[in-house]
Colleague: 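After the C-alpha cells below, expect a handful of questions from me.
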Amino acid sequence: MHAAVWSLVVHTLVSILPKANAALFSSWREPAEHGSHKISPKVFIISMFDDEGSVWFGIPQFNVLEQNITVPGFSPLFSQAHCTQDGSICQLVTGEAEINAASTISALVHSPAFDLTRTYFLIAGIAGISPKLGTLGSVTFARFGVQVALQYEFDAREKPKNFSTGYVPQGSYAPSQFPQELYGTEVFEVNEDLRQAAIKMAKTVKLFDDAPSKQYRANYARSPEFAPGSQPPSVIACDTATSDVFWTGNLLAAAFENTTRLFTNGSATYCTTQQEDNGTLEALLRGALAARVDFARVIIMRTASDFDRPFPGQSAAANLFAMSPGFDVSIKNIVAAGVPVVTGIVDGWDAVFERGVKPSNYVGDIFGSLGGEPDFGPGSIFGNRRARIVPRKRSMRRRSGFVHSD
C-alpha cells in the first residue's frame with residue numbers, strides 16, 4: 001500500500017475509534033522503508049534479560065516507554081525497542097547468551113527504523129566478578145571483551161597430566177600457547193578515551209548496597225588476595241570474559257584469567273564474567289563495516305551480582321548455588337551508574353559527543369577488520385587497512401598432528 005494512502009487510513013481510523021482505542025496509535029510511525037523519519041538515538045542501552053531491561057522503566061530522568069517499536073528479528077520474548085519521545089535515548093533486551101545477543105543486535109543494526117551512525121551503545125548488564133578486583137554491586141567498565149571459552153576442551157579428569165587446565169587454545173597444543181586458529185571474535189577492544197569519560201560520569205553517584213551483599217562479601221576478607229571482594233562496591237576499570245557457559249570455581253577462574261592475558265598479549269585484566277558481550281560486539285563491528293554504526297562509540301558496563309570463585313573454606317558448588325547474592329544491588333547499580341553516563345552524553349551532545357570521542361588506542365577486533373594494527377594477537381590480517389567485504393579463505397588456520405607428553 002502506498003505510504004500516503006496508509007497514512008490516510010490510519011488517521012481516519014483514529015478519528016472514528018473511541019478515545020481509549022485511539023491511544024493505541026499514539027506511537028505509530030510510517031514504516032521507515034517508505035522513506036519516513038528514522039529514529040536517530042544519541043544513546044542506545046543494551047540489556048540482556050528482563051530485570052536488566054525493566055530497571056530502566058519508570059525512572060525520573062527519562063522515559064524510554066514513550067515509543068515502542070516492534071523490530072523484525074528481535075527475540076520473540078523481547079520484540080520491541082523502547083525510546084523516549086524525541087528518540088534521543090532507546091533501550092532493548094537481546095535475550096541471554098551469545099547467539100541471542102548477536103541476533104538481536106544484527107537485527108537492530110539493519111533495521112530501517114533507526115539511523116545509528118552517530119549512536120553511542122551502552123552495554124549495561126550484570127556479571128560475575130573476581131574477588132581479586134571487585135565485589136558485589138561493583139560497576140565495571142571494560143576496554144577488552146575476551147571470548148575465553150572459544151577453545152578446545154578436555155574433561156578435567158581426562159586432561160594430560162602436565163596441563164594446568166582442560167582448556168587449550170584452538171590449533172595449539174598446550175594451555176599456554178597462543179591460538180593458532182582464530183575465528184575473529186576472540187578479542188574486541190573498545191574506545192579507551194570514551195571508557196574513561198564514562199567512568200568519570202559514573203563516579204559522580206553513590207552506588208547501592210544492601211545487608212545480604214555486605215554479609216556475603218565479608219567472607220572474602222579471610223584471604224589477602226581477595227581483599228577487594230570484601231570492600232564496598234565501587235566503579236572499576238577492568239575487562240570482561242565472555243562464555244555461554246556460566247562457570248564457577250578457583251580452577252576455571254584461574255584458567256580464564258590466563259586465557260584473558262594470553263589472548264590480549266597481557267593487555268587485559270580479567271575481572272567480570274558474562275554470556276553475551278562478544279556476540280554483541282561482533283554484530284556492532286559488522287555494522288561498522290557496513291557504515292551503519294561507529295564502533296568507537298561502544299561502552300561496556302557490567303555490575304557484579306556474584307563471585308566467580310568461592311571464599312576460603314567454601315566449595316565451588318556452594319558459591320554457584322548461592323544464586324547471585326548481590327543480584328538486587330547489581331540491578332539497581334545498572335541504573336545508578338548508567339543514568340549519569342546516558343544523560344551525560346545527551347546533555348553534552350553539542351559540546352562533545354556529537355562529533356565523537358577520538359580514541360587514542362586501537363579499536364576493533366583481533367583481525368584488524370576496521371583498520372589499524374591490533375595491540376594484541378598476531379596483528380592485522382588486512383595490512384592495517386579496513387577489511388573489504390569480499391569472499392576470503394580462512395587465513396588464520398595452522399593445523400598439524402596433536403602431540404603432548406603425559
Colleague: Could you tell me whether the side chain of Thr119 and the main chain of Pro41 form a donor-acceptor pair under 3.5 Å?
Modeller: yes

Colleague: If you count the non-hydrogen atoms of other residues, nucleotides and ligands that lie under 6.0 Å from CD1 in Ile99, is the total more than 12?
Modeller: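 Count not over threshold, so no.
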
Colleague: Return the minimal non-hydrogen interatomic distance between Ser138 and Ile129, and the atom names on each side.
Modeller: CB-CD1, 4.0 Å

Colleague: Side chains of Ile123 and Leu281: does their closest heavy-atom pair fall under 4.5 Å?
Modeller: yes

Colleague: Between Ile59 and Val339, which heavy-atom pair has the shortest distance, and what is it?
Modeller: CD1-CG2, 3.9 Å

Colleague: Given side-chain contact (heavy atoms from CB on, under 4.5 Å), test Leu370 with Leu289 step by step and report yes or no.
Modeller: CA-CA 7 Å; Leu370 298 178; Leu289 284 171; 3.8 Å; yes

Colleague: State whether the side chain of Asp306 and the backbone N or O of Ser324 hold a donor-acceptor pair below 3.5 Å, judged by distance alone.
Modeller: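 Not a single qualifying donor-acceptor pair exists.
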
Colleague: The test is side-chain contact (heavy atoms from CB on, under 4.5 Å); show your working for Val109 and Val293 and say whether it passes.
Modeller: CA-CA 7 Å; Val109 165; Val293 304; 4.2 Å; yes

Colleague: With a 4.5 Å limit on heavy-atom distance, are the side chains of Val64 and Phe57 in contact?
Modeller: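 Yes - at least one pair of side-chain heavy atoms lies under 4.5 Å apart.
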
Colleague: Contact between Glu189 and Val363 at the side-chain level, heavy atoms closer than 4.5 Å - yes or no?
Modeller: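 They are not in contact (no side-chain heavy atoms under 4.5 Å apart), so the answer is no.
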
Colleague: Side chain of Arg297, backbone of Arg118: donor and acceptor closer than 3.5 Å?
Modeller: yes

Colleague: About how many Å separate CD1 of Ile105 and CD1 of Ile46, when rounded to the nearest 0.5 Å?
Modeller: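 It comes to 4.0 Å.
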
Colleague: Would a distance-only check, ignoring hydrogens and angles, find a side-chain to backbone donor-acceptor pair under 3.5 Å from Asp277 to Thr242?
Modeller: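 Not a single qualifying donor-acceptor pair exists.
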
Colleague: Arg222 side chain to Phe311 main-chain N or O, any donor-acceptor pair under 3.5 Å?
Modeller: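 No: the side chain of Arg222 does not pair with the backbone of Phe311.
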
Colleague: Check whether Asn361 reaches the backbone of Val190 with its side chain - one donor and one acceptor, N or O, closer than 3.5 Å.
Modeller: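 Yes, because the side chain of Asn361 sits within donor-acceptor range (under 3.5 Å) of the backbone of Val190.
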
Colleague: Report the C-alpha separation of Ile89 and Ile45 in whole Å, then their side-chain angles, then the decisive distance to 0.1 Å, and conclude whether the side-chain contact (heavy atoms from CB on, under 4.5 Å) test is met.
Modeller: CA-CA 8 Å; Ile89 303 168; Ile45 301 161; 4.1 Å; yes

Colleague: Check whether Ser111 reaches the backbone of Leu108 with its side chain - one donor and one acceptor, N or O, closer than 3.5 Å.
Modeller: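 No: the side chain of Ser111 does not pair with the backbone of Leu108.
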
Colleague: Could you give me the CA-CA distance, side-chain angles and deciding distance for Glu373 and Tyr362, then say whether side-chain contact (heavy atoms from CB on, under 4.5 Å) is met?
Modeller: CA-CA 7 Å; Glu373 181 71 13; Tyr362 169 79; 5.7 Å; no

Colleague: Parallel, tilted or perpendicular: which one describes the rings of Phe144 and Phe376, with boundaries at 30° and 60°?
Modeller: perpendicular

Colleague: Look only at the side chain of Gln274 and the backbone of Glu276, and say whether a donor-acceptor pair between them is shorter than 3.5 Å.
Modeller: yes

Colleague: Are side-chain heavy atoms of Val148 and Trp247 found at a separation under 4.5 Å?
Modeller: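 Side chain of Val148 against side chain of Trp247, heavy atoms only: contact under 4.5 Å found.
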
Colleague: Run the salt-bridge test on Glu225 and Arg309 with the 4.0 Å N-O cut-off and return the result as yes or no.
Modeller: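 Salt bridge between Glu225 and Arg309, a charged N being under 4.0 Å from a carboxylate O: no.
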
Colleague: Over 60° means perpendicular and under 30° means parallel, so classify the ring planes of Tyr220 and Phe307, tilted if in between.
Modeller: tilted

Colleague: Checking the side chain of Ser172 only, and the main-chain atoms of Phe178 only, is there a donor and an acceptor separated by less than 3.5 Å?
Modeller: yes

Colleague: Rounded at 0.5 Å granularity, tell me how far CG in Asn333 sits from OG in Ser305.
Modeller: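 One finds 11.5 Å between CG of Asn333 and OG of Ser305.
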
Colleague: With Asn319, which of Thr248, Asn250, Asp308 fulfils side chain to side chain donor-acceptor pair (under 3.5 Å)?
Modeller: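 Testing Asn319 for a side chain to side chain donor-acceptor pair (under 3.5 Å) against Thr248, Asn250, Asp308 leaves exactly one candidate, Thr248.
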
Colleague: Is there side-chain contact between Ser88 and Trp349, with at least one heavy-atom pair below 4.5 Å?
Modeller: no

Colleague: In Å, rounded to the nearest 0.5 Å, how long is the span from CZ of Arg143 to CG of Asp193?
Modeller: 9.0 Å

Colleague: Testing the 3.5 Å rule here: is there a donor-acceptor pair between the side chains of Arg302 and Thr240?
Modeller: no

Colleague: Would you check if Gln314 and Asn219 make a side-chain contact, meaning some heavy-atom pair closer than 4.5 Å?
Modeller: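 No. Closest side-chain heavy atoms not under 4.5 Å.
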
Colleague: With respect to Phe256, which candidate in Tyr167, Phe263, Tyr270 satisfies the ring-ring contact (aromatic ring centres under 6.0 Å, His included) definition?
Modeller: Tyr167

Colleague: In Å and rounded to the nearest 0.5 Å, what is the OG1 to CD distance from Thr165 to Gln151?
Modeller: 7.5 Å

Colleague: Can you name the nearest heavy-atom pair linking Gly379 to Pro374, along with the distance?
Modeller: C-CD, 4.0 Å

Colleague: So, taking the atom named CG in Asp328 and the one named CG in Asp209, what distance separates them when rounded to the nearest 0.5 Å?
Modeller: 11.5 Å

Colleague: What's the shortest heavy-atom distance between Asn191 and Ala296, and which atoms?
Modeller: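 Smallest interatomic distance, heavy atoms only, reads ND2-O, 3.1 Å.
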
Colleague: Is atom CG of Leu251 surrounded by more than 12 heavy atoms (other residues, nucleotides or ligands) closer than 6.0 Å?
Modeller: no

Colleague: Between the side chains of Glu98 and Gln147, is a donor N or O closer than 3.5 angstrom to an acceptor N or O?
Modeller: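 A donor-acceptor contact under 3.5 Å links the two side chains.
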
Colleague: Would a distance-only check, ignoring hydrogens and angles, find a side-chain to backbone donor-acceptor pair under 3.5 Å from Glu52 to Ile126?
Modeller: yes

Colleague: Are the side chains of Thr94 and Phe78 in touch, meaning some heavy atoms are under 4.5 Å apart?
Modeller: no

Colleague: When rounded to the nearest 0.5 angstrom, what distance separates CD in Glu96 from CZ in Phe49?
Modeller: 6.0 Å

Colleague: Hey, is CZ on Arg286 packed in by over 12 heavy atoms from elsewhere, all under 6.0 Å?
Modeller: no

Colleague: Work out which heavy atom in Phe382 is nearest to a heavy atom in Ser380; give both atom names and the distance.
Modeller: N-OG, 3.0 Å

Colleague: Please give me the minimum heavy-atom distance between Leu262 and Pro175, naming the atom from each residue.
Modeller: CD2-O, 3.6 Å

Colleague: If we only count heavy atoms from C-beta on, is the Pro325 to Gln215 side-chain gap below 4.5 Å?
Modeller: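 A side-chain contact is absent here, since even the closest heavy-atom pair is not under 4.5 Å.
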
